[in-house]
Every structure is written in C-alpha cells, then in structure tokens.
Amino acid sequence: MFSDAVLDHFRNPRNAGELPGATAVVEVNNPVCGDILKLSAQVVDGRFAKVRFLCRGCTTSIACASLLTERITGHSAAEARSLTPETVSAALGGLPPATFHGAQLAIDGLKALIEKTR
C-alpha cells in the first residue's frame, strides 16, 4: 500500500525532534483524522537553516513532514512556496486519495511557518 519512499521516511524520519533556539514554531492539525504536525525552524539570512518536526499521525503524515523538512532546509520562503501537496505526494511516489491528507498537512504547516517568519 505504501511506496518505498513513504516507508523510508516513516521508518527513518529526517529532522525529527525539537529545535532549541527556533526562530519560529507552528502547529497545525487535521481535524478530520486528528493528525498534528509541529514545525520548528531557524531562519538565517532569509533561509531555513534548520528545520525540525514532531508529528502525531499516520504513516503518511510522518513521511510527508520528514520530506518537507528535507526540501525546505537551505531554501528561502519564496523558494519553499513552490511546494504543493501534489509535489510532496509525487516526491513520495504518489499518495493514494485515502492518505493524501498527509501531504496537505505538511503544506499547511509550511504555510503557517512561512507566515510566522515574515
């Protein structure tokens, strides 16, 4: 049911945990399924220097959060805005409709993080 990429990010999440000294911390949730995503970032010279996540949710939500942190680290908010739920899904091998909400949660978190760092 899950792609190898989803399982890899779920089993070996990248950038999981707290981020002491974060410039911004946001928390978003999906009220339908109950998944919760917390993103923390250090912004240096207009770029996401470090990004960490904590996620209480399904396999896909954790995988999407992990991928998101990899994709935005080192990039500016303007560059990060190019990510969409569809691009996150595609990067993980294509999420089925039943688990696509994980990609949406990751992007909701990204939007909140960008807003918080303005």
Side-chain angles (χ1 to χ4, degrees):
M1 176 174 170
F2 296 113
S3 70
D4 290 341
V6 167
L7 291 175
D8 181 44
H9 276 276
F10 174 71
R11 291 178 181 146
N12 307 292
R14 282 63 148 185
N15 305 307
E18 297 283 351
L19 182 58
T23 307
V25 179
V26 298
E27 187 172 292
V28 294
N29 68 72
N30 179 328
V32 175
C33 68
D35 291 358
I36 300 170
L37 172 61
K38 180 179 176 181
L39 289 172
S40 305
Q42 285 182 348
V43 178
V44 177
D45 296 329
R47 296 193 172 275
F48 293 109
K50 294 181 182 177
V51 184
R52 300 286 182 270
F53 80 94
L54 292 172
C55 185
R56 282 195 340 219
C58 66
T59 301
T60 304
S61 289
I62 293 167
C64 290
S66 173
L67 177 82
L68 177 72
T69 64
E70 282 192 325
R71 292 292 169 102
I72 68 172
T73 299
H75 295 277
S76 68
E79 293 165 337
R81 278 191 191 94
S82 69
L83 290 173
T84 65
E86 292 77 17
T87 59
V88 170
S89 173
L92 290 170
L95 302 174
T99 63
F100 189 79
H101 67 275
Q104 185 62 58
L105 183 67
I107 296 304
D108 289 348
L110 174 60
K111 288 177 180 177
L113 191 63
I114 289 170
E115 186 63 31
K116 187 90 173 212
T117 61
R118 291 174 68 160

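Predicted, not measured: the structure shown is a model, and the values here were computed from it. Every heavy atom of this structure was used, including side-chain atoms; hydrogens, water molecules and symmetry mates were not.
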Nearest heavy-atom neighbours spanning [X] and [Y]:
X: Phe2; Y: Thr99; answer: CE2-CG2, 4.3 Å
X: Leu92; Y: Cys64; answer: CD1-SG, 3.6 Å
X: Phe100; Y: Ser89; answer: CE1-CB, 3.7 Å

Self-check item: Partner residues of Ala78 under the side-chain contact (heavy atoms from CB on, under 4.5 Å) criterion, sequence neighbours left out
Solution: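 For Ala78, the residues satisfying side-chain contact (heavy atoms from CB on, under 4.5 Å) (neighbours in sequence not counted) are Ser76, Arg81.
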
Self-check item: By side-chain contact (heavy atoms from CB on, under 4.5 Å) - contacts of Ala49 (at least two apart)
Solution: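 Here the qualifying residues are Val44.
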
Quiz item: Considering residues, nucleotides and ligands other than Asn12, do more than 12 of their heavy atoms fall under 6.0 Å from its CG?
Solution: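 Result for CG/Asn12: enclosed.
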
Side-chain donor-acceptor pairs under 3.5 Å in residues 103-113, sequence neighbours left out?
unit_1 : atom_1 : unit_2 : atom_2 : d
Gln104 : NE2    : Asp108 : OD1    : 2.8

Quiz item: How would you list, by chain and number, every residue that makes a salt bridge (charged side-chain N to carboxylate O under 4.0 Å, His left out) with Asp35, sequence neighbours excluded?
Solution: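 Here no residue qualifies.
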
Quiz prompt | Salt-bridge present (Asp8, Arg14; N to O < 4.0 Å) | solution =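 A salt bridge links Asp8 with Arg14.
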
Quiz item: Are any side-chain N or O atoms of Thr69 and backbone N or O atoms of Ser66, one a donor and one an acceptor, separated by less than 3.5 Å?
Solution: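 Indeed, once roles are kept as given, a pair shorter than 3.5 Å links the two residues.
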
Practice problem: Let me know which of Leu67, Leu68, Ile62, Asp4 forms a side-chain contact (heavy atoms from CB on, under 4.5 Å) with His9. | Solution: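 The residue from Leu67, Leu68, Ile62, Asp4 that satisfies side-chain contact (heavy atoms from CB on, under 4.5 Å) with His9 turns out to be Leu67.
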
Less than 3.5 Å apart, which donor and acceptor atoms pair up between the side chains of residues 16-29 and the rest of the protein, not counting sequence neighbours?
unit_1 : atom_1 : unit_2 : atom_2 : d
Glu18  : OE1    : Lys38  : NZ     : 3.4
Thr23  : OG1    : Val43  : N      : 3.0

Side-chain donor-acceptor distances from residues 50-60 under 3.5 Å, at least two apart:
unit_1 : atom_1 : unit_2 : atom_2 : d
Arg52  : NH1    : Asn15  : OD1    : 3.4

